[in-house]
Amino acid sequence: MEEDKKIFEIKKEIPKFLKDNLDEEQLDAVINSNGNSLIIAGPGSGKTRVITYKIAYLLSQGVKPSEIMLVTFTRAAAKQMTDRIRNVTDQDLTGITAGTFHHVCNGILRRYAKAIGYENNFSILDSEDSKDLLKIIRNEYKEGMGEDAKKFPKESVIQKVISYASNTLKSIRESILEIAPYLIDYENDIEHIWGNYQEMKKNINAMDYDDLLVNTAHLLSFNKKALNDIASKYKYVLVDEFQDTNKIQLEIVQAISSYSKNLIVVGDDSQSIYSFRGARYENIEEFIKRDDTKLFKIQTNYRSTPNIVSFINNMLPNNSVEKNLKSVRKEYVKPNIIETFDDLEQSEAVIKIIEEKIDQDVDLNEIAVLYRSHALSMTLQQKLDSQQIPYRLLSGKRFIETKHIKDVLSFLKILYNPYDNISWNRSLKLFSGIGVKTATDIYKSITSQFKEGINMLEAFKNSKLKKFKEAYEFYKKLFEKDKNKPDEIINFIFNEFYKEYSNLTFRNSASRNMDIERFQDISSQYESLMKFLEEMTLSENITVKSAERDQKEDQITLTTVHGAKGLEWKVVILLSVNPGDFPNGMAIKEKKLDEEERLFYVAITRAKDELYILKQITGSTNPFMSNSYVFVKKEYDFIKNIPENLVETFKTSYKY
DNA sequence: CTTTCTGAGATTTTT
DNA sequence: TCTCAGAAAG
């Protein structure tokens, strides 16, 4: 009763634009969230709307855009929200800070780089760059090992340990014990490589993804002036997708909001799916437990039909904060479970569903196929190709991570940061006759001269590079180019060198060449090399991928469940819900099923009208899983836990 | 000594 | 499709 009264009282004085557009739960969250507030937003409950109107409300109360920080999970989400705020308020939002954690930290670090021992034109290493740098360091280390080198763990294993340590923000030692205990003999070696890696990044004036976060947290905790500048600037800090933040990200926003004391976080604990990247499910739990935290729940589901919502409520992951979603839509059809024989039959069943939807005039853009891992979509991709059903892929290698794009980019990166040994190595090795050894020698000789003040062209002349005529001429011309015209540089790289290399190297050179031309198009929107490179490493795939294909084209979507976060479709088809595939084999092995349950929850909550869940009676399609897990199958079968009355179950006719 | 060629083996999720 | 180690070729 008291709750109702509170809302009623508020309602009298709230601006009309809020009253007209929000339900009571949403309104309460928008108006009353301040101080430390946690808004738990169930799937499809209008979370984006709440954040949008919260900021619109703040602006209507006289808060300036520059006093607001909005941290989102993807760049696209930030853009979507600021566009909507602009529509609602008609305000000029210049000055608002809106972006991912990495964008926000990058902005801060550019200003305070010197304070933590960096130059402010530091480069940012993406995960591929980090791998390359590790490779260089490992090779150097191995050289000094003599006979022992042969027994030394493979590069990929070291890479795994280090990236695990880095992503989960654990120590190297812990990581070795956790993911590769048999490497304990090499513990010191791996730690040594890790130490070199850290040192090398500093030497070449580069930060990786983790450094952006760690260094920002460090800056804010040890540099009183920086903290004061930043924390006094922001009156409100809002964080979206809070369930997927890690420890350091929490530290950062706490520091930034430490003056204003207004930290408003929004998320859904049931949708926390990034623990492999260090996301802490506990961030939400701990936030709730604080004495001064205000808790809001918005749980009306506007997205899905009651049939799907009942199903969702039944599949709430273990350890979730109590939730009961209510649907406001009309009854439609129950979710379908389809049992097929194997992978091939599964693909045929999917094609059949899609063709049926096409007959019913469902827009292809409203259909999505989701899966646990990218490899599970391979058979279906072939089938879709042969049936000529157009699709766009959100999973798989990012455009920016493909070899040809990385190669072209490496030349630009040298121009930006001549000490970037990763890019020197990569680009030099493209020329015939130059391998690891020669590339390293050339890099060392050129940069050491460069450090002594000798200019780049002079340095070329005095190095081994001179022996390789083609490469020498090419780099010489490259260094004479105008650095702030990335598209001209790419055009030069492609036409003078890479086109030929591509045609000789790749079977599918035609499509790769087209990618590079597209890449050149994208680059023409940037007038500085720094901005262009920053955007390329910090922005998620969608920005680049959407340029890759014409979005208006009618096509279905194929993506991993991770890639489907925050999206919705009328028809959702979920592939391979078999123990070993989904839940994933590693998760079963380590008995870490909580996160898999949450992933399943994310998957099924993407559907607006129709949901199809497919499984195969042959079980896991993963060959490494085949025998050892068969006997535990039932225990880990998501489908076994589904109450029969909530779904329709079908079996396709087994033809094999 | 270094690079290039060859065939076998592997594959969670990503800012 | 991509990586890796060993063999063959500069």
Side-chain angles (χ1 to χ4, degrees), chain A residues 71-78 99-106 124-128 130-131 135 138 143 149-150 152-157 159-160 163-164 166-168 179 208-213 241 244-246 248-249 272-279 370-378 381 394-398 400-403 428-429 431-441 464 468 504-508 536-543 559-565 576 580-590 592 595-596 598-599 602-603 621-625:
Chain A
V71 190
T72 54
F73 193 75
T74 63
R75 179 73 155 192
T100 64
F101 269 100
H102 290 89
H103 280 101
V104 169
C105 293
N106 175 53
I124 301 166
L125 308 182
D126 63 24
S127 42
E128 299 281 312
S130 301
K131 267 187 215 169
K135 219 184 257 181
R138 180 182 176 272
E143 248 174 53
K150 280 192 180 134
F152 197 61
K154 278 198 281 192
E155 177 193 318
S156 57
V157 178
Q159 157 71 36
K160 233 180 203 164
S163 75
Y164 181 80
S166 165
N167 283 330
T168 56
I179 74 163
D208 64 19
Y209 283 141
D210 291 317
D211 291 334
L212 288 173
L213 303 176
E241 308 283 8
D244 286 320
T245 51
N246 63 36
I248 302 231
Q249 289 166 331
S272 172
I273 55 174
Y274 279 89
S275 71
F276 68 89
R277 218 173 71 188
L370 311 188
Y371 34 83
R372 175 67 178 86
S373 66
H374 183 64
L376 296 172
S377 69
M378 292 309 177
Q381 281 185 48
L394 298 184
S395 60
K397 217 170 190 133
R398 288 170 65 190
I400 202 77
E401 282 170 357
T402 50
K403 176 165 163 41
L428 282 165
K429 273 159 51 186
F431 294 89
S432 81
I434 304 180
V436 187
K437 184 80 175 78
T438 313
T440 315
D441 288 352
K464 221 178 178 178
F468 302 89
L504 289 170
T505 316
F506 306 119
R507 260 161 216 238
N508 54 352
M536 288 304 105
T537 32
L538 288 180
S539 282
E540 70 282 6
N541 47 4
I542 294 164
T543 330
T559 176
T560 58
V561 181
H562 283 89
K565 179 185 182 126
S576 298
D581 293 331
F582 193 0
N584 170 285
M586 275 307 255
I588 294 177
K589 213 170 178 178
E590 290 166 11
K592 286 182 181 162
E595 183 137 318
E596 299 294 308
R598 295 195 290 268
L599 259 170
V602 169
T621 45
N622 182 340
F624 305 101
M625 297 292 306

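In what follows, every chain begins at residue 1, and chains take the letters A, B, ... in the order their sequences are listed.
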Whole-Å distance, E595(A) CD to dT14(B) C1', equals 12 Å
Please tell me which of the listed nucleotides, dT11(B), dT13(B), dC4(C), lies nearest to the side chain of K135(A)?
dC4(C)
Check this for me: does the side-chain of R372(A) come within 3.5 Å of the base of dT13(B) through a donor and an acceptor?
yes
Using modelled atom types only, decide if a donor and an acceptor are shared between the side chain of Y371(A) and the backbone of T559(A) within a distance under 3.5 Å.
yes
Nearest whole Å is fine: how far is dT14(B) C1' from H103(A) NE2?
15 Å
Measure from the side-chain N and O atoms of E595(A) to the backbone N and O of S275(A), and report whether any donor-acceptor pair falls under 3.5 Å.
yes
To the nearest Å, how far apart are E241(A) CD and dT13(B) P?
20 Å
So, F276(A) and dT13(B): ring centres less than 5.5 Å apart, planes less than 30° off, yes or no?
yes
Just how far, in rounded Å, is P of dT12(B) from CG of D581(A)?
12 Å
Starting from P on dT14(B), measure out to CD1 on I273(A) and report it in whole angstrom.
9 Å
Can you give me the N/O atom pairs linking the protein to nucleotides 3-7 of chain B at distances under 3.5 Å, or say none if there are none?
{"unit_1": "dT3(B)", "atom_1": "OP1", "unit_2": "G435(A)", "atom_2": "N", "d": "2.5"}
{"unit_1": "dT3(B)", "atom_1": "OP1", "unit_2": "G435(A)", "atom_2": "O", "d": "3.4"}
{"unit_1": "dT3(B)", "atom_1": "OP1", "unit_2": "T438(A)", "atom_2": "N", "d": "3.3"}
{"unit_1": "dT3(B)", "atom_1": "OP1", "unit_2": "T438(A)", "atom_2": "OG1", "d": "2.4"}
{"unit_1": "dT3(B)", "atom_1": "OP2", "unit_2": "V436(A)", "atom_2": "N", "d": "3.3"}
{"unit_1": "dT3(B)", "atom_1": "OP2", "unit_2": "K437(A)", "atom_2": "N", "d": "3.2"}
{"unit_1": "dT3(B)", "atom_1": "O5'", "unit_2": "G435(A)", "atom_2": "N", "d": "3.4"}
{"unit_1": "dT4(B)", "atom_1": "OP1", "unit_2": "G433(A)", "atom_2": "N", "d": "2.8"}

Nearest-Å distance, NE2 (H562(A)) to C1' (dT14(B))?
8 Å
Can you classify the ring geometry of F73(A) versus Y274(A) as parallel (below 30°), tilted (30 to 60°) or perpendicular (above 60°)?
tilted
Taking CZ from F73(A) and C1' from dT14(B), how many angstroms apart are they, rounded to a whole number?
7 Å
From CD of Q159(A) over to C1' of dT14(B), roughly how many Å is that when rounded to an integer?
13 Å
H102(A) (side chain) donor-acceptor with L212(A) (main chain) under 3.5 angstrom:
no
R277(A), nearest nucleotide to its side chain (from dT15(B), dT13(B), dT12(B))
dT15(B)
For A439(A) versus L428(A), what's the shortest heavy-atom pair and its separation?
O-CD1, 3.7 Å
NA contact type, Y274(A), heavy-atom cut-off 4.0 Å: base, sugar-phosphate, or nothing?
sugar-phosphate
Flag yes if more than 12 heavy atoms outside K160(A) fall under 6.0 Å of its NZ atom; otherwise flag no.
no
Side chain to side chain donor-acceptor pair (under 3.5 Å) involving E596(A) - partner list, sequence neighbours excluded:
R372(A)
